[in-house]
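First up is the structure itself, then whatever we jot down about it.
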Amino acid sequence: MLKNLVIVESPAKAKTIEKFLGSDYKVMSSYGHIRDLKKKELSIDTETLEPHYEVPDEKQKLVKELRQCAGQASQVWLASDEDREGEAISWHLCEVLGLDEKNTNRIVFHEITKPAILEAIKHPRHIDMNLVNAQQARRVLDRLVGFKLSPVLWRKVKPALSAGRVQSVAVRLIVEREREIQAFKSEPYYRVAAVFALTAADGSATEVKAELDTRFKAHSEVEAFLESCKDATFRVSSVAKKPLRRMPAPPFTTSTLQQEAARKLGFTVSQTMMIAQRLYESGRITYMRTDSVNLSTLCLAASRDEIVRLWGERYSKTRQYHTHAKGAQEAHEAIRPTYMDATTIDGTAQEKRLYDLIWKRTAASQMADAEIEKTTVTIAIEPAGGKAAAGAPQFTATGEVVKFDGFLKVYRESSDDDDQGADEGSRLLPPMAEGQELQRREVTATERFSQGPVRYTEASLVHKLEELGIGRPSTYAPTISTIQQRDYVHKGDHKGEERQYTVDTLKGKVVTQKTRTEMAGSDKGKLLPTDIGIVVNDFLMKYFPVIMDYNFTAKVEQKFDEIAEGSEKWTDMMKDFYRDFEPVVEKTLNTRSEHKAGERELGTDPATGKPVFVKIGRYGPVVQIGAADDNDKPRFAQLPSDKGMETITLDEALELFKLPRELGEFEGHKVTVGAGRFGPYILHNKKYVSLPKEDDPLTVTLGKAVALIEKKRLLEQQRHIKTFNGDNPIEVLNGRYGPYLTFGGKNYRLPKAMHARAADLTLEECVEVIDAAEQKSEQKKK
DNA sequence: CAGTGAGCGAGCTTCCGCTTGACTT
């Protein structure tokens with residue numbers, strides 16, 4: 001007879017708890033929610049706003065098992081998380097399993113330790129229906145927004161698009177950032193740096209770098225300043241030492257882990273989560289989806305022991321952190337190693353690196369402040385035969401000395417823009433005294449340009465969403481991939497532009513000027529909005545500004561809190577919302593407009609006099625000449641990936657219609673030039689030949705095309721070096737990178753040594769190469 | 001890395017949050 005059944009959300013958690021509780025308890029997992037709104041329908045009564053739940057197919061088997069065990073148990077303990085979603089999971093379990101109020105207990109614990117769980121069992125309570133209702137409100141609201149808005153987009157923009165409370169705002173952030181960048185006008189300015197020489201106490205010569213505290217706007221100011229430096233005297237006017245304390249960052253939450261793993265290890269958001277999941281399942285770390293920075297007392301003690309053991313008493317400082325994030329639910333702990341005494345672990349290279357990061361961050365959070373001494377030296381410029389005027393520009397040199405490293409011994413948090421100058425401040429200054437004269441070596445004025453806003457990365461977008469209280473730890477990674485899957489946003493490289501800047505240098509008594517070039521504004525792996533993303537965003541902003549408001553989530557969260565406290569009825573909130581929302585949806589669906597969303601007219605086609613415009617077609621952005629109701633059919637051309645709907649010009653659009661172009665005839669078949677998915681090509685007698693980069697498809701001649709066709713034929717002939725016939729023939733072929741083997745639909749590279757005698761290879765040799773390659777890939781799998 | 005070059009006009013698409021497998025590229 002089963003005495004006690006405990007149900008938690010995660011199987012890994014179930015396994016741990018079962019160990020603590022002994023043989024009278026069986027612990028099972030619900031694997032998250034067991035019941036939800038129907039997948040394919042709205043599943044909400046639009047009159048009463050009541051939801052219709054169902055157990056999805058993939059959960060049926062599990063529910064059956066749970067029901068069986070619950071039926072046999074004399075006591076059932078519902079131990080899902082203490083937040084809104086957790087309470088709802090418990091309630092759904094009650095409903096679906098038909099649990100009896102009398103012998104069902106709701107319990108919660110904040111850390112997975114034996115005493116905490118035993119304590120929780122001593123204080124069972126009932127299901128908190130207010131909290132459950134707050135979850136139902138959240139669920140129903142999200143479904144209404146998602147399932148009402150998406151069909152509007154199918155009709156007005158393009159099929160299979162989607163909109164939602166979280167994803168649409170995520171896209172908005174990216175679209176608006178891109179527009180800010182477009183609108184930003186970079187202003188030049190001049191930064192002045194100098195090198196001074198001085199003699200140290202021991203007689204050796206050293207140098208000091210210093211920067212001018214004034215930045216010049218005009219080049220004429222630079223010229224005047226450098227001129228004034230020629231005969232000036234440079235004198236130390238003050239030396240100030242200031243102690244600084246630096247505190248460690250709090251332990252990891254999902255969002256901070258994603259950011260640091262991106263910055264320090266180069267992981268994508270979803271990579272981080274997958275690796276963390278494996279570490280969690282193998283018992284290495286605590287739960288990886290959390291917004292809490294709290295550490296258990298167990299971890300505090302273990303960290304302390306470990307830090308004292310490794311670095312001594314002085315490095316330890318026990319700290320408790322508190323979560324301020326908006327909407328944080330604190331059902332879990334921070335992400336930390338399960339056992340702090342495990343400084344390294346077994347596993348893949350990626351698992352080791354992520355674990356190491358988590359270990360160091362956790363340890364650092366329990367370590368002493370770093371103590372730093374910052375020295376600032378100001379250097380006055382005294383004109384020949386005079387004194388420095390008050391308020392005149394002066395040079396400053398800064399140096400830092402770490403007096404006590406504290407937590408810096410293990411961990412330093414990265415920031416998004418520290419690719420340059422990270423070590424700038426950490427250099428040491430030679431001793432200098434007030435009034436000391438320094439020898440000027442070189443003064444350099446470099447032209448710089450003011451920096452515009454920065455594009456989001458996956459991780460910095462997550463950070464922003466968290467700041468706005470939008471989305472939850474379990475949805476950050478899925479949201480990032482949804483907006484990319486829908487083609488609203490893509491991770492890509494933005495080509496920068498070449499830019500010239502001047503460098504003026506004063507050396508001795510001579511000023512020289514040089515012009516240099518650099519690439520400006522290039523960006524790698526950042527999130528860029530697509531045309532579809534921009535059009536959908538503008539459309540939603542126009543018709544549904546309430547949903548797109550950055551504060552929408554915060555406002556509804558406030559309502560959810562009121563429901564959780566019992567001061568507002570959840571169905572009332574839903575009715576209020578739907579009463580305002582539904583008519584807008586209807587109105588938007590029924591407004592017939594002349595133009596499609598995002599349509600933009602570029603001008604008239606000089607050849608036909610018909611209008612030329614861009615719009616979102618069924619398969620993405622297209623240029624169209626002539627309207628559909630015209631006598632002639634309109635002509636279409638897909639927008640190439642390097643052109644945007646907002647920026648393409650009439651001339652660029654007309655270019656697209658110049659292909660395919662007929663060149664003439666060859667061997668009785670037409671020769672045409674077209675543009676395909678992989679660039680321009682020549683088509684002749686159903687055979688395609690790629691056009692090399694140096695040939696322009698708009699000007700290429702028939703002669704050149706024929707030459708390319710013949711070259712391709714020759715290559716084709718030479719491609720087959722040798723064939724070993726059989727049931728599965730092995731072929732030796734000539735490829736772009738030398739000879740290779742093909743067998744059973746797969747290709748195998750030949751060792752370099754065999755290249756020269758590719759034509760003389762025996763069947764045995766080929767089989768050997770294939771077997772060796774197969775074995776290698778087998779090993780890799782393991 | 002080993003060669004590529006589409007487009008019917010029916011019926012489908014879609015949300016956010018909990019949580020892991022069991023399926024193939």
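Chain letters run A, B, ... following the sequence lines, proteins first and then strands; every chain starts at 1.
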Point to revise | Neighbour count >12 (heavy atoms, 6.0 Å) for atom CD, A:Q558 | key: no
Point to revise | d(CD1, A:I470; C1', B:dC16) in whole Å | key: 13 Å
Check your understanding: Within 45 degrees of the axis of the six-membered ring of A:W570 and under 6.0 Å from its centre: does A:R138 put its NZ or CZ there?
Key -> no
Check your understanding: Think A:R165 forms a cation-pi with A:F552, using NZ or CZ under 6.0 Å from the six-ring centre and within 45 degrees of its axis?
Key -> no
Check your understanding: Where does the angle between the aromatic ring planes of A:Y287 and A:H332 fall among parallel (under 30°), tilted (30 to 60°) and perpendicular (over 60°)?
Key -> tilted
Practice item. Please state whether the rings of A:F666 and A:H684 are parallel, tilted or perpendicular, taking 30° and 60° as the class boundaries. Key: tilted
Exercise for review: Using only heavy-atom distances, determine whether the side chains of A:N133 and A:Q136 contain a donor-acceptor pair under 3.5 Å.
Suggested key: yes
Revision key, fill the gap. Taken to the nearest whole Å, CG/A:L683 to P/B:dG3 is 20 Å
**Study point:** Nearest-Å distance once atom P is located in both B:dA6 and B:dA10
**Key:** 23 Å
Please write out each protein N/O paired with an N/O of nucleotides 13-15 of chain B under 3.5 Å, distance rounded to 0.1 Å.
residue: B:dT13; atom: OP1; partner: A:K40; partner atom: NZ; Å: 2.6
residue: B:dT13; atom: O2; partner: A:A160; partner atom: N; Å: 2.3
residue: B:dT14; atom: O4; partner: A:K40; partner atom: O; Å: 3.1
residue: B:dC15; atom: OP1; partner: A:S162; partner atom: OG; Å: 3.3
residue: B:dC15; atom: OP1; partner: A:Q167; partner atom: NE2; Å: 2.9
residue: B:dC15; atom: OP1; partner: A:R486; partner atom: NH2; Å: 3.2
residue: B:dC15; atom: O2; partner: A:R139; partner atom: NH1; Å: 3.1
residue: B:dC15; atom: O2; partner: A:R143; partner atom: NE; Å: 3.2
residue: B:dC15; atom: N3; partner: A:R139; partner atom: NH2; Å: 3.1
residue: B:dC15; atom: N3; partner: A:R143; partner atom: NE; Å: 3.1
residue: B:dC15; atom: N3; partner: A:R143; partner atom: NH2; Å: 3.1
residue: B:dC15; atom: N4; partner: A:R143; partner atom: NH2; Å: 3.1

Review point. Taking CE from A:M273 and P from B:dC18, how many angstroms apart are they, rounded to a whole number?
Key: 12 Å
Check your understanding: For B:dC8, does the O4'-C1'-N9-C4 (purine) or O4'-C1'-N1-C2 (pyrimidine) torsion place it in syn, i.e. within 90° of 0, or in anti?
Key -> syn
**Study point:** Side-chain donor-acceptor contact under 3.5 Å, A:S10 with A:Y280
**Key:** yes
Exercise for review: Would you kindly check if the NZ (Lys) or CZ (Arg) of A:R486 is within the cone defined by 45 degrees around the ring axis of A:Y488 and under 6.0 Å from the six-membered ring centre?
Suggested key: no
Check your understanding: If you look at every strand shown and take non-hydrogen atoms under 4.0 Å, does A:E87 touch a base, only sugar-phosphate, or nothing?
Key -> nothing
Review point. B:dC16 base to A:R138 side chain: any donor-acceptor pair below 3.5 Å?
Key: yes
Practice item. Let me know the distance between CD1 of A:I7 and C1' of B:dT19, rounded to the nearest Å. Key: 14 Å
**Study point:** N/O (side chain, A:T475) to phosphate O (OP1/OP2, B:dG17) under 4.0 Å
**Key:** yes
Review point. With respect to the phosphate group of B:dC18, does any side-chain polar atom (N or O) of A:R472 fall under 4.0 Å of OP1 or OP2?
Key: yes
Review point. Are the side chain of A:R106 and the backbone of A:S80 linked by a donor-acceptor contact shorter than 3.5 Å?
Key: yes
Review point. Separation of A:E557 atom CD from B:dC16 atom P, in whole Å?
Key: 14 Å
Grab the N/O contacts between the protein and nucleotides 20-22 of chain B below 3.5 Å, and write none if there aren't any.
residue: B:dT20; atom: OP1; partner: A:S10; partner atom: OG; Å: 3.0
residue: B:dT20; atom: OP2; partner: A:Q277; partner atom: NE2; Å: 3.4
residue: B:dT20; atom: OP2; partner: A:R289; partner atom: NH2; Å: 3.0

Exercise for review: State whether the side chain of A:S150 and the backbone N or O of A:F147 hold a donor-acceptor pair below 3.5 Å, judged by distance alone.
Suggested key: no
Study note, to complete from the structure: A:R155 atom CZ is separated from B:dG11 atom P, nearest whole Å, by 17 Å
Review point. Between B:dC23 atom P and A:E58 atom CD, what is the distance in whole Å?
Key: 14 Å
Check your understanding: Counting any heavy atom closer than 4.0 Å, what does A:G86 reach on the DNA or RNA strands: base, sugar-phosphate only, or nothing?
Key -> nothing
Check your understanding: Tell me: CZ of A:F560 to C1' of B:dC16, nearest whole Å?
Key -> 10 Å
Review point. When you compare B:dG9 with B:dT13, how far apart are their C1' atoms, in angstrom units rounded to a whole number?
Key: 16 Å
Exercise for review: Go through the N and O atoms of the side chain of A:S690 and the base of B:dG5, and report whether any donor-acceptor pair is under 3.5 Å.
Suggested key: yes
